[in-house]
Number of protein chains: 2
Amino acid sequence: MKSRLSSSTEDYLKTIYAFTEWQDTPITSSQLATRLGVANSSVSEMVRKLKDMGLVDHRPYGAVHLTEEGLRVALTMVRRHRLLETFLVNDLGYSWDEVHVEAERLEHAVSDLFVERLAARLGNPERDPHGDPIPSASGDIPRIDAHRLSELDPGHEGTITRISDENPEMLRYLAHERIHLDTEVTVVRRKPFGGPLVVRVGQHGAARDFDVPDEVAEAVWVESTREHAGCTVGGS
Amino acid sequence: MKSRLSSSTEDYLKTIYAFTEWQDTPITSSQLATRLGVANSSVSEMVRKLKDMGLVDHRPYGAVHLTEEGLRVALTMVRRHRLLETFLVNDLGYSWDEVHVEAERLEHAVSDLFVERLAARLGNPERDPHGDPIPSASGDIPRIDAHRLSELDPGHEGTITRISDENPEMLRYLAHERIHLDTEVTVVRRKPFGGPLVVRVGQHGAARDFDVPDEVAEAVWVESTREHAGCTVGGS
DNA sequence: CCTACAATTTAGGCACACCGAAAAAGTGCT
DNA sequence: AGCACTTTTTCGGTGTGCCTAAATTGTAGG
Ligand SMILES: [Mn+2]
Ligand SMILES: [Mn+2]
Ligand SMILES: [Mn+2]
Ligand SMILES: [Mn+2]
């Protein structure tokens, strides 16, 4: 319960958690392997060890679930990662596409003391540069009520609250197009069969239309501005 | 010449360098083992690998010397370590006895970009919280003209420019006694046979006498205030 | 139900960094 | 020079985390 786990172990747990953060199907072995960039066999082995340590639940050929203790560790790592990203952007002038790789290594090297001092210095932020919620030290995670841009119907208005940080190139592209966190968007027209989604970006006079590529629409999450009768999530 | 070395490798090189920083005898296998907290056999093996990589010179049963390339890496690590310590004290409110352990891990996790951004943010400091000189990015190291307090004759005046960070307890003790970097000291009387060294600490009115334990006198380095005919280094 | 095919686990190995014990080499003293 | 003692190296072995290739097991279609 106290001696530090290895970097690998920490990354496995974080990745298992991250998978269920925006979907609710649990992660499989091969998905875990893909995300971690290791062979399936490596995952099998590690999952067995994690199970022996009481950090995950797993039956042969089944999906992998975090135990309560595993979740606790995962949230600790997520907190570290996101606070570090915030620090890199706020204090060291990194751009939002550069921070992920750096935080991926630093998260394993910092102490609890470091993390808490850093959090205090940053003003205990509740979200990171990509809009991902930062768990508190006690493991509470701010609830975010947002939907993928790709799931919204025309007419829907909202502000961007999260952008997946998985693809740095996309982040660079979005920065170049001046699309940030808190940018206001209105869905203009939905792709008919496979055509692009059109979105009105920005406020009033400065608004412009923007053709959103599919991959981007999957990565950008929007929180409704008007209470718009709940959320109008599109089918299929 | 480019792909990152392992943490262990980096620590070996740093430790080899550090040994010659304040003395000029090269380090032996067993000294290296002691400092790194590993078995002698581990050092033998690693030194062979370092030699194969062209980072150290070594003949069987001889001392270990850094090659030019090894020195370059070592200085990079020393720079990282000391900049990180400075950051921890200046920005995160660590005390000078807490920073060493934290920096020891972080130094292997940060990127070159991180280090240079950090250095810029700190104003490119030339010394760390313990007064240790910080090598420049190009590997130039500020020369410090200081002597151990234990080597000074009575009457010698100067300011403290370095305090060894090896023993956190000593650092805590010195902080408690309000002895810092840049504190002015005058040697009052030298230990007769094994008695304590007496030093006048502080300026003018606020001056007080202080019995310096042997171990402390070895760890504190003083730069002469008056040009005092070079430095009067005591014998034995 | 049975069979192809995909997902997963098992088996056997490798690199790294460490260990203790044993062998070898250097050193200092008579 | 010879011998005791210390230092260093060599040897065999461990744990972790990864790999490829070969079983195994699950599943969906006929
Ligand atoms: Mn990581
Ligand atoms: Mn992020
Ligand atoms: Mn280190
Ligand atoms: Mn220091």
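Throughout, a chain's letter reflects where its sequence line sits, starting with A, and its residues are numbered from 1. Treat the numbers as computed from the prediction; the structure is a model and nothing was measured. Just so you know, these numbers use all the heavy atoms, side chains as well, and skip hydrogens, waters and symmetry mates.
Dense packing is recorded around CG of D52(B), with more than 12 heavy atoms of other residues, nucleotides or ligands lying under 6.0 Å away. Annotation for E21(A): atom CD counts as buried by contact number, over 12 foreign heavy atoms lying within 6.0 Å.
Between the P atom of dG13(D) and the CD atom of E45(B) lies a distance of 15 Å, rounded to the nearest Å. Atom CZ in R48(A) sits about 14 Å away from atom P in dG15(D), given to the nearest Å. For L36(B) and dA17(C), the CG to C1' distance is 12 Å, given to the nearest whole Å. In this entry the distance linking CG of L5(A) with P of dG15(D) reads 18 Å, nearest Å. Rounded to whole angstrom, the span from the CG atom of D52(A) across to the C1' atom of dG15(D) amounts to 15 Å. Between the P atom of dT7(D) and the CG atom of L32(B) lies a distance of 15 Å, rounded to the nearest Å. Atom P of nucleotide dA7(C) and atom CG of N40(A) are separated by 9 Å, given to the nearest angstrom. Atom CZ in R59(A) sits about 15 Å away from atom P in dT25(D), given to the nearest Å.
At a non-hydrogen distance threshold of 4.0 Å, S8(A), Y12(A) from residues 7-23 of chain A come into contact with DNA chain D.
At the phosphate of dA17(C), OP1 or OP2 sits under 4.0 Å from a side-chain N or O atom of K49(B). Regarding contacts with the backbone of dC19(C), a side-chain N or O of S42(B) is found under 4.0 angstrom from either OP1 or OP2.
Note on G37(B): only backbone sugar-phosphate atoms sit closer than 4.0 angstrom, heavy atoms only; bases stay farther off. Contacts of S29(A) with the nucleic acid, taken as non-hydrogen atoms under 4.0 Å apart, involve only primed sugar atoms and P, OP1 or OP2. Within the 4.0 angstrom heavy-atom criterion, only backbone atoms of the sugar-phosphate kind lie near A39(B); the bases stay farther away. Among the protein residues, S44(B) comes within range of the nucleic acid bases, having at least one heavy atom under 4.0 Å from a base atom.
In this model, a side-chain donor or acceptor of S41(A) finds a partner on the base of dT20(D) within 3.5 Å.
Residues E169(B) and R172(B) are not paired through a salt bridge, judged by the lack of any N-O separation under 4.0 Å between the basic side chain and the carboxylate. Residues D112(A) and R80(A) are paired through a salt bridge, judged by an N-O separation under 4.0 Å between the basic side chain and the carboxylate.
Between F87(B) and F87(A), the two ring planes are tilted [angle within 30° to 60°]. W96(A) and H130(A) have parallel rings, their planes meeting at less than 30° on a 0 to 90° scale where 60° marks the start of perpendicular.
The side chain of M46(A) lies closest to dG17(D) when the candidates are dG17(D), dT9(D), dG20(C). Out of dA24(C), dC16(C), dC18(D), the shortest distance to the side chain of Y61(B) is found at dA24(C). You'll find that the side chain of S30(B) is closest to dT7(D), out of dT16(D), dT7(D), dC16(C).
Using a 4.5 Å heavy-atom cutoff, the side chains of I144(A) and E223(A) are not in contact. Put simply, the side chain of S95(A) does not reach to within 4.5 Å of the side chain of V89(A), judged on heavy atoms.
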